[in-house]
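Single-structure report; data block below.
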Amino acid sequence: MKKSALFLLLSAVATPLFAADITVSAAASLKDAFGEIAAKYEKQYPQSKIKLNTAGSGALLQQVLQGAPVDVVAFADEETMSQAQAKNVIDKATRKTFALNSLVIAAPKNSKLSVGRLNDLESYRFDRIAVSNPQSVPVGRYTKAALEKAGVWAAIQPKVITTQNVRQSLDYVARGEVDAGFVYNTDAALMKDKVKVLKTVPTQQPVSYPIAVTADSKQKAEAKRFTQYVLSAQGQGVLAKYGFKKPR
């Protein structure tokens, strides 16, 4: 066999069967954890590249519905993923819940305010409260449901500052632009030097994160390998580092 032919044969054998670039659209609250997961994944599979796109889950779903070239979606609630499944934009066989979180009320670090019960938010001391849009953002839906159950949702509407996603709410709290904001525990933990948690808020539905490969992915094998990595001990280790809990 000629050297050139042998080289081509060996190169073909050495090339991974599914090394490719993929786009992963993840909920805003996953930005830091998925950034690290993507970096570790690329280190383990050097010929693969992850393009990470983060935003509110509702916005990410709309992007997929409008034909954006996305290979993997990871949302902050099961409802958004169920909407994606109903619209046939995900491969339902690949849908898995990979992390749990909790809803909290955060305030600026130097705040003197406290929250014992949710109706404390009706107090004149709370003038501005950041809440993500419940129509399109999971953290907003969790928040609205909890406040409605407590009978205070309608009463605090004049105080609500609507945000596009949980990270915007966190930024408002960190900068002292609001008296309090509803965010995830993992988000508050990222800014311990600027925010503090006033209360953990019980939610009617678990704050769970599903992941799936999109139906139109052109790199399904690579996309499936990435989702498996998120579910693996390595991926779960990174998520735990950022405060996410492993599903039971």
Looking only at heavy atoms, which two atoms of [X] and [Y] are closest? And how far apart?
| X | Y | answer |
| --- | --- | --- |
| Arg225 | Ser48 | NH2-OG, 3.1 Å |
| Ala28 | Val166 | CB-CG1, 4.3 Å |
| Thr97 | Leu231 | O-CD2, 4.1 Å |
| Pro158 | Ala155 | CD-O, 3.5 Å |
| Gly116 | Lys199 | O-NZ, 3.1 Å |
| Val104 | Ala188 | CG2-CB, 4.3 Å |

Practice task
Report the C-alpha distance between Tyr209 and Ser29 in whole Å, list the side-chain angles of each, state the deciding distance to 0.1 Å, and finish with yes or no for side chain to side chain contact (heavy atoms under 4.5 Å, CB included).
Solution key: CA-CA 10 Å; Tyr209 290 68; Ser29 51; 2.9 Å; yes
Would you say [Y] and [X] are linked by a side-chain donor-acceptor pair, where the criterion is simply a distance under 3.5 Å?
| X | Y | result |
| --- | --- | --- |
| Asn53 | Gln63 | yes |
| Thr186 | Asn101 | yes |
| Asp77 | Thr80 | yes |
| Ser217 | Gln219 | no |
| Ser102 | Thr200 | no |
| Arg125 | Ser114 | no |

Handout entry: Main-chain N/O of Ala99 paired with Lys245 side-chain donor or acceptor, under 3.5 Å
Key = no
Problem - Under 3.5 Å: donor-acceptor pair, side chain of Asp71, backbone of Thr23 - result: yes
Handout entry: Short N-O contact, Asp187 and Arg167, less than 4.0 angstrom
Key = yes
Exercise for the section: For the pair Asp127 and Lys159, find out whether any cationic side-chain nitrogen is under 4.0 Å from an anionic carboxylate oxygen. Expected result: no
Exercise for the section: Among Tyr41, Phe98, Tyr242, find the residue that satisfies the ring pair (Phe, Tyr, Trp, His ring centres under 6.0 Å) test when tested with Phe34. Expected result: Phe98
Value rounded to 0.5 Å, distance of [atom1] in [X] from [atom2] in [Y]:
| X | Y | atom1 | atom2 | value |
| --- | --- | --- | --- | --- |
| Glu36 | Leu52 | CD | CG | 12.5 Å |
| Leu121 | Phe182 | CG | CZ | 5.0 Å |
| Arg141 | Ser136 | CZ | OG | 7.5 Å |
| Ile90 | Asp216 | CD1 | CG | 12.0 Å |
| Lys220 | Ile22 | NZ | CD1 | 12.0 Å |
| Lys112 | Asp179 | NZ | CG | 14.5 Å |

Just wondering, do [Y] and [X] contact through their side chains at under 4.5 Å, heavy atoms?
| X | Y | answer |
| --- | --- | --- |
| Met191 | Leu170 | yes |
| Gln164 | Ser132 | no |
| Val73 | Thr214 | yes |
| Glu78 | Arg95 | yes |
| Arg175 | Lys194 | no |
| Thr227 | Val72 | yes |
| Val139 | Tyr184 | yes |
| Thr143 | Pro134 | no |

Practice task
Give the C-alpha distance, both sets of side-chain angles, the deciding distance and a yes or no for side chain to side chain contact (heavy atoms under 4.5 Å, CB included) between Val197 and Ile105.
Solution key: CA-CA 6 Å; Val197 172; Ile105 301 174; over 6 Å; no
Linked, directly or transitively: [X] and [Y] (ILVMFWY side chains, under 4.5 Å):
| X | Y | answer |
| --- | --- | --- |
| Tyr229 | Val70 | no |
| Ile129 | Leu147 | yes |
| Ile211 | Val24 | yes |
| Met81 | Val137 | no |
| Leu118 | Val173 | yes |

Practice task
Might you work through the side chain to side chain contact (heavy atoms under 4.5 Å, CB included) test for Gln236 and Phe244, ending with a clear yes or no?
Solution key: CA-CA 9 Å; Gln236 290 295 308; Phe244 293 92; over 6 Å; no
Exercise for the section: Show the numbers, then the answer: is there a side chain to side chain contact (heavy atoms under 4.5 Å, CB included) between Asp32 and Leu190? Expected result: CA-CA 9 Å; Asp32 299 84; Leu190 290 171; 3.3 Å; yes
Exercise for the section: Check the pair Gln205 / Thr203 against side chain to side chain donor-acceptor pair (under 3.5 Å), numbers first and verdict last. Expected result: CA-CA 5 Å; Gln205 299 293 330; Thr203 55; over 6 Å; no
Practice task
Answer yes or no: does atom NZ of Lys246 have more than 12 heavy-atom neighbours from other residues, nucleotides or ligands under 6.0 Å?
Solution key: no
Exercise for the section: Report yes if the distance between the aromatic ring centroids of Tyr45 and Phe226 is under 6.0 Å, otherwise no. Expected result: no
